[in-house]
Amino acid sequence: MPKHAKRDRKFRFALAGAAAVAVSLPIAAFAATSGSPSPQVEPRIVGGNEASIKDYPYAVYLTDSRDNQFCGGVLVGRSSVATAAHCASAVSRDDMRVVAGRQDKRDNDGIVSRVTNVWVEPGFSDPGKGDDVAVLTLDRDLPYQPAKLPDASDKSMYNEGTNATVVGWGRTADGGARSQYLRSAVVPVIGDASCSSSYSNYDAKSMVCAGYPDGGVDACQGDSGGPLVVGDTLIGIVSWGDGCARAGKPGVYARVSTYADDIKAQSRGRSLLW
Ligand code: ARG
């Protein structure tokens with residue numbers, strides 16, 4: 001990418017940030033007067049903001065044959081999409097579509113692909129037991145930059161307190177409606193000991209948790225399969241949680257570092273191309 005393009009991208013991002021602050025101010029003021037204990041109570045991807053697909057070019061969503069968005073996904077190669085195993089098994093391969101390069105579900109931007117192969121992590125049975133990872137092979141190469149997969153040197157990204165970002169088109173409140181637009185939220189990585197005390201079935205090998213002790217910011221239904229990133233590196237795949245954004249009940253993600261070799265093998269080395 002040419003240098004100026006990168007600068008433009010940053011600039012656009014700054015503008016979006018300023019707009020988001022302007023929009024959220026009155027809501028924050030209202031929250032303050034209503035005495036809510038949550039620091040971020042806007043009814044958005046549960047505590048997040050609208051996001052630009054240009055900042056998350058690898059973010060995709062899955063639809064069934066009737067155009068219902070049911071999960072998220074993440075490009076990890078030109079024609080490979082990582083998602084949650086429970087998403088890949090929810091709809092038959094022939095009925096599944098992958099929508100890339102589109103921010104607003106009601107737009108026609110981007111590219112809609114079909115799926116030629118579905119690979120599900122062999123140990124998978126239930127998200128609560130881990131191995132909630134799958135790779136979809138698309139019927140074409142896409143012109144969008146894939147996310148990076150973590151290698152051994154990225155281990156520190158899983159340290160408690162690392163600020164990660166989750167993006168998706170899922171519900172904007174516990175039990176609420178799904179979002180029309182892509183949204184993003186920053187959620188700190190939670191350590192294994194702390195996550196084990198939230199969930200007795202937490203497994204540090206196959207899962208990683210992210211969120212705030214008081215809740216308020218989280219992924220939610222419809223975000224499953226979507227990316228949890230640090231920079232452009234995929235560290236997690238939205239998997240499960242007890243409700244959404246509840247205090248003491250963080251979001252649980254598939255721990256991508258554990259599955260990076262499998263994901264690479266399934267994407268046939270295509271992720272090395274860019
Ligand atoms: N299982 C949900 C889905 O299929 C995702 C749940 C994520 N929940 C959470 N609290 N982070 O979309």
Side-chain angles (χ1 to χ4, degrees), residues 38 40-41 43-49 51 59-64 68-74 81-91 96 98-99 105 118 120-121 124-134 136 162-190 194-203 206-229 234-256:
S38 168
Q40 301 200 29
V41 293
R44 307 181 166 193
I45 188 200
V46 197
N49 285 296
V60 303
Y61 64 85
L62 313 184
T63 70
D64 61 18
N68 289 315
Q69 180 263 328
F70 66 95
C71 271
V74 49
V81 167
T83 186
H86 80 265
C87 292
S89 353
V91 168
M96 207 180 292
V98 174
V99 182
K105 286 180 196 170
V118 177
V120 173
E121 182 65 35
F124 175 75
S125 60
D126 177 279
K129 293 182 174 156
D131 293 336
D132 196 8
V133 174
L136 313 176
T162 297
N163 275 329
T165 301
V166 60
V167 304
W169 289 262
R171 286 182 176 180
T172 54
D174 204 345
R178 288 177 190 199
S179 175
Q180 179 184 343
Y181 305 98
L182 178 65
R183 296 192 176 281
S184 71
V186 174
V187 277
V189 170
I190 291 177
S194 162
C195 200
S196 294
S197 64
S198 292
Y199 298 114
S200 58
N201 59 324
Y202 175 72
D203 169 36
S206 60
M207 306 170 191
V208 60
C209 289
Y212 298 86
D214 294 339
V217 186
D218 196 4
C220 202
Q221 271 66 39
D223 289 321
S224 272
L228 178 72
V229 292
L234 181 69
I235 68 160
I237 294 173
V238 178
S239 180
W240 59 278
D242 181 355
C244 304
R246 297 184 184 170
K249 297 291 177 185
V252 188
Y253 299 77
R255 185 179 287 254
V256 171

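When a ligand or atom number is given, it counts from 1 through the structure's own listing order. Computed from a prediction, not measured in an experiment: that's the story for all the values here.
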Test of proximity, Gly222 against ligand 1: N or O pairs below 3.5 Å: yes
task: Consider ligand 1: state whether an atom of it lies below 4.0 angstrom from any non-hydrogen atom of Ala245.
output: no
query: Polar-atom distance check: Cys71 versus ligand 1, any N or O pair below 3.5 Å?
result: no
message: Could you tell me if the side chain of Val238 sits less than 4.5 Å from the side chain of Tyr253, heavy atoms only?
response: yes
- request: Check each of Gly72, Pro127, Gly251, Ser224 against atom 2 (C) of ligand 1 and report the one with the nearest heavy atom.
  value: Ser224
N/O separation below 3.5 Å, Asp242 to ligand 1: no
- prompt: Out of curiosity, is Cys244 lining ligand 1, as in a heavy atom under 4.0 Å away?
  reply: yes
- prompt: Given the rule in the side-chain contact (heavy atoms from CB on, under 4.5 Å) test, do Val229 and Val74 qualify, once you have shown the distances and angles that lead to the verdict?
  reply: CA-CA 10 Å; Val229 292; Val74 49; 5.8 Å; no
- prompt: Got an N/O contact under 3.5 Å between Pro250 and ligand 1?
  reply: no
- prompt: Counting only heavy atoms, which portion of Ser239 has something under 4.0 Å from ligand 1: side chain, backbone, both, or neither?
  reply: backbone
- prompt: Under the side-chain contact (heavy atoms from CB on, under 4.5 Å) criterion, do Ile237 and Val256 qualify, and how do the steps go?
  reply: CA-CA 7 Å; Ile237 294 173; Val256 171; 3.8 Å; yes
query: Between Thr83 and Leu62, is any pair of side-chain heavy atoms under 4.5 Å apart?
result: yes
query: Within the distance-only criterion (no hydrogens, no angle test), does the side chain of Glu121 pair as donor or acceptor with the backbone N or O of Ala85 below 3.5 angstrom?
result: no
message: Give me the nearest non-hydrogen protein atom to atom 10 (N) of ligand 1 as residue plus atom name, then the distance to 0.1 Å.
response: Asp218 OD2, 2.7 Å
query: Would you say His86 touches ligand 1, if touching means a heavy atom closer than 4.0 Å?
result: yes
message: What I'd like to find out is whether the side chain of Trp169 reaches to under 4.5 Å of the side chain of Val99, using heavy atoms alone.
response: no
query: Does Pro250 reach the side chain of Ser198, with side-chain heavy atoms less than 4.5 Å apart?
result: yes
field: Within-4.5 Å side-chain heavy-atom neighbours: Arg255 and Met207
entry: no
statement: For Cys220, the ligand 1 atoms with a heavy-atom partner under 4.0 Å come out as 5 (C), 12 (O)
- request: Would you mind running through ligand 1 and noting each atom that sits below 4.0 Å from a heavy atom of Asp223?
  value: 12 (O)
